[in-house]
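Notes follow once the structure below has been shown.
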Amino acid sequence: MTEFVLGSASPARLQVLRSAGLTPLVRVSDVDEDAVVAALPTGTAPDHVVTALARAKAHTVAAALIAEGAAAVVDCVVVGCDSMLLVDGELQGKPRTSEVARERWAVMAGRSADLLTGHCVLRLRDAEVVAEAADCSGTTVHFAKPEPEELDAYIATGEPLQVAGAFTLDGRGGWFVDRLEGDPSSVIGIGLPLLRRLLAGVGLGIAQLWVRS
C-alpha cells in the first residue's frame, strides 16, 4: 500500500490532511529556505519561488528516506509545501518577530493580498523517485482592520510570528479575515483541490490513499 509522507512540521497542514481522511507520516525537511530563494534567478515569478521551495522540501525528505532505507520508500508519496503572502508585489514569509508582524499588519489591514502555496508531489517506488508533479495555488485574502488592542493581543499570542503573512485562517487570525476568493485549505497551508490533481499526475487516486488510511 502507498504510504503518504508529509514533508512539513506544520500542525495545520497535518490537521487538514487528517480531516480529509489521511494518516500521514510526518518528516520535517529542515531546508534552508533563504538559501533556496537566493539561488533562484533574479526576477523569478512569485509562484515559481514558492513552488521551488516546495520542490526543495519534498526532494530533501525523499533523499533522507532513501538514505536511511526507510520502509516507506518501497511505495510512498512525499508531499512538500511552502506558503508566502504576496503584498504589493513582494513575497512575505514568516515574520519571526513581533516588530515585523506589526509592520506587516500595518500594510495589509483593510486590504487584500494573495496567499500563494507551492506544492510538490514525489512518487517513490523501491527507493527511487519515479514521478513528480508540482504547481502553485493562489487565494486572495481580504483582511479586516483589527483594533489596536486586538492586534496587540493577537501578536502577544505569538501565533502570527511563525506563519506566512503573519496570520492564520484556522486560528485566532481568522477573526481578521473578512473573506476569501479561492481555496480555503490552500490558505491553511495545503490545497486539497490542487493536491488531488497532483496526486493524479503521479498515478494516485485519492480513494487509494483513503483505503491506506
### Task
Step through the shown structure and confirm whether more than 12 heavy atoms of other residues, nucleotides or ligands are within 6.0 Å of CD on Glu128.
no
### Query
In Å, rounded to the nearest 0.5 Å, how long is the span from CG of Leu6 to CG of Leu25?
9.5 Å
### Query
Honestly curious: do Val31 and Leu122 fall in one hydrophobic cluster under the side-chain, below-4.5 Å linking rule?
no
### Message
One thing to verify: whether Glu68 and Arg27 come together as a salt bridge, which I'm taking to mean a side-chain N less than 4.0 angstrom from a carboxylate O.
### Response
yes
## Note on the structure
Heavy-atom closest pair (Ala144 atom, Asp178 atom, distance to 0.1 Å) is CB-OD1, 3.4 Å
### Side chains of Asp75 and Thr2, donor plus acceptor under 3.5 Å
yes
### Query
Among the clusters formed by ILVMFWY side chains lying less than 4.5 Å apart, do Leu194 and Val49 turn up in the same one?
no
### Query
Counting N and O atoms only, with roles assigned by atom type, does the side chain of Gln208 sit under 3.5 Å from a partner on the main chain of Gly205, one being a donor and the other an acceptor?
yes
### Task
Given side-chain contact (heavy atoms from CB on, under 4.5 Å), test Val87 with Arg104 step by step and report yes or no.
CA-CA 9 Å; Val87 183; Arg104 292 186 179 176; over 6 Å; no
### Task
Taking the side chain as every heavy atom from C-beta outward, state whether Val26 and Ser8 have any atom pair closer than 4.5 Å.
no
### Message
Centroid separation under 6.0 Å, is that true for the rings of Phe167 and Phe143?
### Response
yes
### Task
Mark yes or no for whether Ser185, through its side chain, and Leu192, through its backbone, hold a donor-acceptor pair below 3.5 Å.
yes
### Query
At what distance, to the nearest 0.5 angstrom, does OG1 of Thr117 lie from CG of Asp183?
8.5 Å
### Residue pair Ser112 / Thr140: nearest heavy atoms and the distance that separates them
CB-CG2, 4.0 Å
### Task
Calculate, to the nearest 0.5 Å, the distance between atoms NE2 and CZ belonging to His142 and Arg179 respectively.
3.5 Å
### Query
Is the closest side-chain heavy-atom distance between Thr44 and Pro41 below 4.5 Å?
yes
#### Entry: Closest non-hydrogen atom pair, Ala164 against Ser83
CB-O, 3.2 Å
### Query
Could you give the distance from NZ (Lys145) to CD (Glu150), rounded to the nearest 0.5 Å?
13.5 Å
#### Entry: By side-chain contact (heavy atoms from CB on, under 4.5 Å) - contacts of Pro46 (at least two apart)
Leu86, Leu91, Leu116
### Query
Mind checking whether Val5 and Leu124 have side chains closer than 4.5 Å, heavy atoms only?
no
### Task
For the pair Lys57 (side chain) and Cys81 (backbone), establish whether a donor and an acceptor sit closer than 3.5 Å, ignoring hydrogens and angles.
yes
### Message
Assess the residue pair Asp114 and Val141 against the criterion (side-chain contact (heavy atoms from CB on, under 4.5 Å)); give the C-alpha distance rounded to whole Å, side-chain angles, the decisive distance to 0.1 Å, and a yes or no.
### Response
CA-CA 6 Å; Asp114 294 323; Val141 183; over 6 Å; no
### Polar side chain donor-acceptor pair, Thr168 to Glu159, under 3.5 angstrom
yes
### Query
Hey, does Arg55 have a side-chain heavy atom less than 4.5 Å from the side chain of Val36?
no
### Arg197/Asp135 ion pair, N-O < 4.0 Å
no
### Query
Between Thr51 and His119, is any pair of side-chain heavy atoms under 4.5 Å apart?
no
### Query
Would you call Asp82 and Glu33 a side-chain contact if the rule is heavy atoms closer than 4.5 Å?
yes
### Task
Given side-chain contact (heavy atoms from CB on, under 4.5 Å), test Met84 with Leu53 step by step and report yes or no.
CA-CA 10 Å; Met84 299 183 82; Leu53 286 164; 4.1 Å; yes
### Message
Within this structure, what is the CD-NE2 distance for the pair Glu132 and His59, rounded to the nearest 0.5 Å?
### Response
3.5 Å
### Message
Quick check: is Val163 connected to Leu115 through a chain of hydrophobic side chains (ILVMFWY, heavy atoms under 4.5 Å apart)?
### Response
no
### Message
When you group the ILVMFWY residues by side-chain heavy-atom contacts below 4.5 Å and let the links chain together, are Ile66 and Val74 in the same group?
### Response
no
#### Entry: Cluster check Leu151, Trp175: I/L/V/M/F/W/Y, side chain < 4.5 angstrom
yes
## Note on the structure
In short, Pro160 meets Ile155 closest at the heavy-atom pair CG-CA, 4.0 Å
## Note on the structure
Of all heavy-atom pairs linking Gly80 and Ala54, the shortest is O-CB, 3.5 Å
#### Entry: Heavy-atom check, side chain of Val78 versus side chain of Phe4, under 4.5 Å
no
### Task
Return yes if some donor-acceptor pair links the side-chain N/O of Thr157 with the main-chain N/O of Tyr154 below 3.5 Å, else return no.
yes
#### Entry: Closest non-hydrogen atom pair, Ala12 against Ile188
CB-CG2, 3.7 Å
### Separation between CG of Leu22 and CG of Leu209, rounded to the nearest 0.5 Å
5.5 Å
### Message
Before you tell me yes or no, could you show the steps for Leu204 and Arg123 under side-chain contact (heavy atoms from CB on, under 4.5 Å), namely the whole-Å CA-CA distance, both residues' side-chain angles and the distance that decides it to 0.1 Å?
### Response
CA-CA 9 Å; Leu204 277 173; Arg123 183 77 184 270; 3.5 Å; yes
### Query
Can a salt bridge be assigned to the pair Asp88 and Arg111 using a cut-off of 4.0 Å between side-chain N and carboxylate O?
yes
#### Entry: Between Thr60 and Ser29: side-chain donor-acceptor atoms closer than 3.5 Å
no
